[in-house]
Amino acid sequence: MSIIVSQDGKKFALKSKGATYLMSVNNIGVLENNYYGAPVSCDEFNNLNYAVGRGSSADMPGATRRGDCAEQYRHECGLYGIGDYREPSICINTQNGSRILDLRYDSYQIGAEKRDGGMPRVRGGETLKITLKDEFNGVKVHLYYTVYDDIDAIVRSAEIENATDGQITIERAYSFCLDMFNRDYEVISLNGSWANERNISQNKIVEGVYTVSSKYGISSAQHNPFVALVEKNTDENIGDAYGFNLIYSGSHELKVELNPYGIVRVTGGISSFDFSWLLNAGESFVTAESVLVYSSEGLGKMSRTFHDLYREHLIEKKFAYSPRPIVINNWEATYFNFTEEKLCAMIEKVKGTGIDTFVLDDGWFGVRNDDRRSLGDWFINKPKLPNGLKPIAECCKRNGLKFGLWFEPEMVNPDSDLYRAHPEWVIMEKGRPHCHGRYQCVLDMTQKPVRDYIIERMCSIIRENDIEYVKWDMNRPLTENFSSALPANRQKELHHRFTLAFYEVLSHLRKTFPDLIIEGCSSGGARFDAGALAYTPQIWTSDNSDAYSRTKIQYGTSICYPLSSMSCHVSASPNHQVGRVTDFKARCDIAYFGATGYELDPTKFTKDEIKAVKERNKAYRKDEKLIQAGDLYRLASPFDSNVFAQVVVSKDKKSAVMVAMVAQSQPNPNP
Ligand code: DGJ
């Protein structure tokens with residue numbers, strides 16, 4: 001049993017094979033965390049008196065009002081206005097201007113249904129709902145905990161219910177809060193930039209607040225919505241590791257705060273910067289889901305737990321463990337400069353090699369011959385492809401390949417028919433000059449006509465051309481956050497509404513074309529997050545396709561996300577992003593550990609390369625199950641050595657596949 005509740009209904013234990021999480025209601029009605037870590041016995045649960053860790057400060061003599069010691073409590077929901085000066089997890093503003101939220105335990109329910117609020121939710125598990133209530137203003141917060149017997153993960157979210165008789169404004173709506181005693185923890189986060197995503201940084205936690213956040217409107221290449229707390233000596237195999245990940249693709253925040261009482265608070269969710277949400281009486285707001293993972297066997301086990309959870313319970317079942325397309329994508333082969341003949345020559349050249357999907361990237365629509373125009377005009381680029389996409393689709397069929405197509409649905413270039421017809425469809429403040437990124441603007445997808453237009457265009461093109469694979473790209477973050485469709489007092493809802501719209505359009509596509517596989521992408525890996533994975537089982541990991549750079553990017557990504565979620569392509573040498581020369585085998589090997597493919601001009605393949613591609617694809621099909629479903633062990637980190645090495649081991653431990661790369665040749669190398 002994963003959820004145990006004491007007879008008095010005030011102590012809660014969440015148990016999985018390798019972790020226990022204990023909470024209880026203290027003597028003034030505050031829900032506190034008592035323990036999170038390696039399994040402890042709950043046999044005497046009814047007598048359990050904070051068996052592990054320190055007792056609750058509310059049990060101290062004289063503690064009658066919360067303010068006496070609220071900073072020493074280990075809250076399951078961080079609050080404002082009651083003497084706890086740490087980062088709150090939920091903030092509200094009532095109609096009379098009161099921001100105080102004093103939530104006390106109200107009730108619990110096992111087997112509760114979770115609402116999704118338009119966001120992805122993990123499947124399965126058993127859910128505990130604990131309701132907290134502010135008796136003074138009537139606001140209720142329902143905390144959800146979903147647990148699994150066999151996966152050491154707890155999925156948390158919250159629902160804020162406006163049970164007052166007036167409107168309230170939510171000013172922060174985080175998904176979880178965890179307060180733990182500091183054991184000299186260090187915090188790990190995944191940070192980067194374009195073509196340099198998910199570098200691993202590790203820092204000692206010091207007094208104050210460490211924030212990982214995105215204000216970009218997407219989860220971003222800069223700060224992935226992930227942090228982990230580890231002990232100083234935790235490595236891949238030993239030591240405690242606590243991982244925290246948001247199932248969310250928009251602006252986000254994760255905060256790690258150490259207070260003077262030695263308590264570390266980790267809390268986070270939808271970004272509260274430039275955010276608010278109006279909630280009418282009787283309405284509820286549902287937060288994003290978050291995942292908490294505990295591992296007593298280092299970072300390696302923590303990662304494997306995330307991988308198991310996402311493969312089993314988040315990524316669409318249909319794709320999680322089934323053969324993925326082996327793609328040839330024309331982007332790095334041709335960029336915008338292609339013709340029907342060129343594309344068909346590429347397709348013909350890979351016939352019989354095991355490459356089974358041709359993806360036509362940017363440039364097939366409007367009059368797009370460079371990146372300055374036509375986004376939004378999802379009609380065939382007739383000057384470039386006078387016969388349309390049909391001959392390419394047919395060429396694919398003739399040669400036994402599926403046909404895939406690139407879209408950048410959320411965008412519009414000012415130089416486009418769409419922009420000329422609907423300037424009000426853009427996120428911008430009328431009359432104010434606005435930033436362009438890659439010469440383009442962001443469509444205001446919070447507007448229904450905008451979503452309808454995107455859906456209509458994509459569905460028509462997909463249907464008319466037998467598209468079986470879509471690459472969904474997104475190449476600039478949001479700026480001038482203003483929607484002409486939202487009233488003044490709802491403008492701060494824009495980023496979250498934009499993210500909900502992203503999910504809505506994707507859900508529509510998933511329902512309309514259940515067999516269509518969608519590859520996520522955002523200038524490479526700027527929206528590589530668990531929210532996107534619910535709709536796009538694989539994501540283009542980075543625009544940097546250099547094999548050595550990829551050892552770091554893929555290693556960092558694997559800290560939280562499974563190998564099967566990473567699109568990894570073999571590209572040309574010298575590499576287009578960094579100019580490095582790498583031999584063909586090494587490029588193939590590094591692109592093997594993910595959803596593999598090619599991103600080069602196959603018409604330039606030598607005979608030997610064609611032979612190698614055939615053999616490699618054959619081997620990949622043999623190893624694919626293992627790569628998709630196996631356990632990943634990271635053996636050597638390219639961040640702190642000259643070697644990258646990892647091995648994937650089947651669950652039954654009967655087979656394994658390993659890759660290693662020495663980054664820089666050294667004179668007199670070790671044998
Ligand atoms: C950015 C993507 O990451 C690339 O793979 C490619 O699709 C380009 N956009 C096309 O504009």
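No hydrogens, no waters, no symmetry mates; every other heavy atom, side chains included, goes into these values. Just so you know, ligand 1 is whichever comes first in the structure, and atom 1 is the first atom listed for that ligand.
Geometrically, Arg457 does not engage Phe407 in a cation-pi contact defined by less than 6.0 Å to the ring centre and at most 45° from the axis. Geometrically, Arg550 engages Trp540 in a cation-pi contact, judged by NZ or CZ lying under 6.0 Å from the ring centre and within 45° of the ring axis.
Annotation: Trp472 is not in aromatic contact with Tyr535 [ring centroid separation under 6.0 Å not met].
In summary, the side chains of Glu519 and Ser567 do present a donor paired with an acceptor at a separation below 3.5 Å, with no hydrogens or angles considered. In summary, the side chains of Ser545 and Gln577 do present a donor paired with an acceptor at a separation below 3.5 Å, with no hydrogens or angles considered.
Using a heavy-atom distance under 4.0 Å as the criterion, the protein contacts of ligand 1 are Trp331, Asp361, Asp362, Trp406, Arg438, Lys471, Asp473, Asn475, Cys521, Ser523, Gly524, Trp540, Asp543.
Applying the side-chain contact (heavy atoms from CB on, under 4.5 Å) criterion to Lys384, with sequence neighbours excluded, gives Phe336, Phe338, Asn369, Asn381.
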